[in-house]
Amino acid sequence: MKKAKLVNCIFGCLVAIIVTISSAWSAQDEKNSPGFAWKDGAEIYTKICAYCHEAHVGPQIRNRELPAAYIRAIVRNGNRAMPAFRPSEIDDESLIKLADFISNKEAQH
Amino acid sequence: MASQYIALPKGVSEKNFNAAIRDFRKVLGDTSVLTSAEQLAPYIKTMMPVPDGDHTPSAALLATTVEQIQKIVAICNQYKVPVWMISTGKNLGYGSAAPAERGQVVLDLKRMNRILEVDKDLAFALVEPGATYQQLYDYIKEHKLGLWLSMPAPSAIAGPVGNTLDRGVGYTPYGEHFLFACGMEVVLANGEVLRTGMGSMPNSNTWQVFKWGYGPYLDGIFTQSNYGIVTKFGFWLMPEPPAFKPFVIQYQHEEDIVEIVETIRPLRISGVIPNAVVIAHALYEAPVKAKRSDYVSGPGSIPDEAVYRIMKDHKLGIWNVYAALYGTQEQIDVNWKIVTQAFGESGKAKILTEQEAADDPAFAYRAKLMRGEMTLTEFSLYNWRGGGGSMWFAPVSQARGSETLKQMALTKQIFAKYGLDYSGEFIVGMRDMHHIVDVLYDKTDPEQTKAAYQCFDELLTEFSARGYGTYRVNTAFMDKVAETYGPVQRKVHKTLKKALDPNGIIAPGKSGIR
Ligand SMILES: Cc1cc2nc3c(=O)[nH]c(=O)nc-3n(C[C@H](O)[C@H](O)[C@H](O)COP(=O)(O)OP(=O)(O)OC[C@H]3O[C@@H](n4cnc5c(N)ncnc54)[C@H](O)[C@@H]3O)c2cc1C
């Protein structure tokens with residue numbers, strides 16, 4: 001038991017040291033361009049939603065004046081067969097744009 | 001006093017967890033450490049027939065750099081807090097984005113999503129875990145690189161890192177994805193950063209072109225495992241061929257699977273048919289075209305008579321063999337002759353190409369998958385029963401007709417016992433087949449949910465008793481499958497775990513390893 005604790009402690013200290021040493025190497029790579037970001041609601045709709053909701057897999061959702069809050073809740077929680085989408089996939093700001101895009105009448109775009 | 005968390009990691013006090021969360025926030029900032037029920041909702045939904053509470057995370061961490069991940073593992077070691085990694089987090093039917101065990105912290109790498117390099121000449125890519133196939137597809141198109149992806153059916157919303165690390169499959173000649181992986185960067189539990197293969201050598205430019213490096217090959221131990229956190233991943237892409245010819249071959253009787261497999265095997269091994277062929281049962285294809293309720297009502301499996309009606313109404317075979325030829329037109333012409341001769345011999349096969357079947361929705365989406373185009377049409381499967389319940393039963397079979405027939409008959413028999421339908425397909429590897437069956441059930445119906453659980457459990461028991469192993473499984477059954485591979489493998493897995501992660505902070509429970 002004691003031995004296990006000691007091993008854990010040594011391991012913990014090692015971790016701290018290694019993080020300091022090897023972060024310099026990995027940090028170089030992190031300077032590159034930032035990651036992917038969504039342009040607007042239409043792009044998210046086309047590159048995620050439409051593959052089901054415009055393909056007779058999921059129900060049609062555009063032009064039905066679905067409340068934006070309802071859309072946001074379904075995206076985050078999923079619904080039966082529909083997977084949930086995390087804020088890391090569709091950030092909160094983009095989700096507002098997406099919900100607007102879906103709930104607004106097509107003519108307004 | 002009620003806990004401020006929706007779950008806690010096993011054996012970690014709230015006080016210690018508070019301290020860990022405080023330290024995570026110092027590294028990532030407040031907005032990238034999620035702990036409320038509302039924030040964690042998308043990490044909880046699974047398709048498995050077990051209570052969501054069994055797989056509820058305590059928190060989710062949205063890391064974006066290797067350095068952050070190194071600091072996270074240090075905190076995890078300090079407080080003995082386990083993390084569960086997801087890359088794109090769409091492991092649907094295998095556990096989705098939820099952790100293997102209640103209370104684990106999800107380390108969500110989706111925001112670490114840069115495409116670091118795509119080399120047109122050497123046809124390889126180096127990406128971060130959060131990059132999706134859609135992102136890569138757009139990148140390749142935008143830069144006119146003339147390269148094709150191989151992806152699983154959830155294409156657009158999944159990604160190469162998570163899929164390959166779970167040893168997933170696609171449908172092009174590069175369909176056995178891990179065969180085409182080349183070089184990883186891995187953050188180890190002690191915070192060290194390992195680059196596998198040639199990546200270990202400073203200034204090497206061969207990390208993405210030579211898989212083996214020097215000494216024991218390590219990449220394999222970071223797949224379906226919990227020995228490290230993969231932060232960069234290299235893989236090969238297929239040059240766009242000058243010509244592409246998808247086709248489907250339909251058969252009318254279930255026993256014909258023997259002839260199909262015996263015909264395909266030599267064509268596949270010799271490379272005449274280069275891609276991961278799919279032999280799909282009518283009930284795997286039917287949801288794209290038909291509604292179950294139009295053919296059957298009430299409890300129980302769908303009767304064979306109804307399946308034959310569906311086939312007739314929707315122009316399906318009981319088996320539908322999807323494959324493609326790739327290359328120059330001359331190469332395709334030669335190989336097409338060989339294929340049609342081989343399949344034409346018995347007079348049982350109906351061979352259709354794009355000319356006859358382009359408008360058929362099942363053919364159209366299969367053709368897309370065989371050329372690396374985005375589609376989510378296969379999600380139609382979930383309309384069959386409704387209610388969002390699904391588990392993939394995925395035993396491996398020899399590419400031998402008699403074996404595939406045996407596996408199908410056994411599966412059907414067990415499904416019938418629990419009133420479920422056999423939605424199965426065989427994905428043809430180089431010498432094996434992944435027998436993939438979607439255990440579809442209505443998760444809103446407690447009786448069906450219970451039946452699905454018992455059905456899956458019995459499938460695993462009966463198949464392993466006959467020496468049929470499962471290649472991959474959802475998080476509710478990982479221990480059971482690990483058990484079927486025997487004590488020696490389990491011991492070796494555990495020995496490696498102890499050596500690399502003595503505090504057990506990386507995804508305990510993955511593949512039954514703790
Ligand atoms: C209709 C449908 C069809 C499907 N068809 C296919 C198919 O054709 N082929 C197929 O393979 N699958 C298929 N799937 C299953 C699954 O959706 C895919 O395999 C998908 O690619 C996995 O999700 P992901 O790519 O987002 O990986 P993730 O969910 O991100 O990762 C998968 C697993 O890999 C491990 N992991 C992830 N990231 C890391 C990391 N950075 N370091 C270490 N370990 C890590 C974790 O254990 C994680 O659970 C299908 C699912 C559905 C719903």
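Just so we're on the same page: letters track the sequence lines, and every chain starts at 1. Everything numeric here is computed off the predicted structure, so don't read it as measured data.
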Indicate yes or no for a side-chain donor-acceptor contact from [X] to the backbone of [Y] under 3.5 Å, with no hydrogens or angles considered.
{"X": "Tyr441(B)", "Y": "Met48(B)", "value": "yes"}
{"X": "Asn113(B)", "Y": "Phe36(A)", "value": "yes"}
{"X": "Glu128(B)", "Y": "Lys232(B)", "value": "no"}

Item checked: Atom pair CH2/OG of Trp384(B) and Ser423(B) - distance to nearest 0.5 Å ->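 With rounding to 0.5 Å, CH2 (Trp384(B)) is 7.5 Å from OG (Ser423(B)).
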Can you tell me which portion of [X] sits under 4.5 Å from chain A's heavy atoms? Options are side chain, backbone, both or neither.
{"X": "Gln135(B)", "answer": "side chain"}
{"X": "Ala60(B)", "answer": "neither"}
{"X": "Lys45(B)", "answer": "side chain"}
{"X": "Ser96(B)", "answer": "neither"}
{"X": "Ile86(B)", "answer": "side chain"}
{"X": "Leu381(B)", "answer": "neither"}
{"X": "Thr88(B)", "answer": "backbone"}

Notebook entry, point to check: Is it true that the side chains of Ser380(B) and Asn383(B) contain a donor and an acceptor less than 3.5 Å apart?
Noted result: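 There is no such pair (donor and acceptor under 3.5 Å, judged by atom type) between the side chains of Ser380(B) and Asn383(B).
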Checklist line | Gln134(B)-Tyr51(A) side chain donor-acceptor pair, cut-off 3.5 Å | finding: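 Judged by distance alone, the side chains do pair up.
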Heavy-atom pairs under 4.5 Å with chain A - which of [options] has more of them than the others?
{"options": "Leu109(B), Asp138(B), Val187(B), Leu40(B)", "answer": "Asp138(B)"}
{"options": "Glu38(B), Met374(B), Glu378(B), Met47(B)", "answer": "Met374(B)"}
{"options": "Ala97(B), Ser32(B), Gly387(B)", "answer": "Gly387(B)"}

Note to self: The test is side-chain hydrogen bond (donor to acceptor under 3.5 Å, both in side chains); show your working for Thr64(B) and Gln68(B) and say whether it passes.
What the structure shows: CA-CA 7 Å; Thr64(B) 51; Gln68(B) 285 175 352; 3.3 Å; yes
Item checked: Ring-face cation of Lys97(A) near Tyr45(A) (centre distance under 6.0 Å, axis angle within 45°) ->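 No; the conditions do not both hold, so Lys97(A) does not lie above the ring face of Tyr45(A).
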Check: Of the listed residues (Ser88(A), Cys52(A), Ala84(A)), which shares the most heavy-atom pairs with chain B below a 4.5 Å separation?
Finding: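 Looking at each of Ser88(A), Cys52(A), Ala84(A) in turn, Ser88(A) comes out on top.
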Item checked: Per-residue contact mode, Asp92(A) against chain B (heavy atom under 4.5 angstrom) ->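 Neither part.
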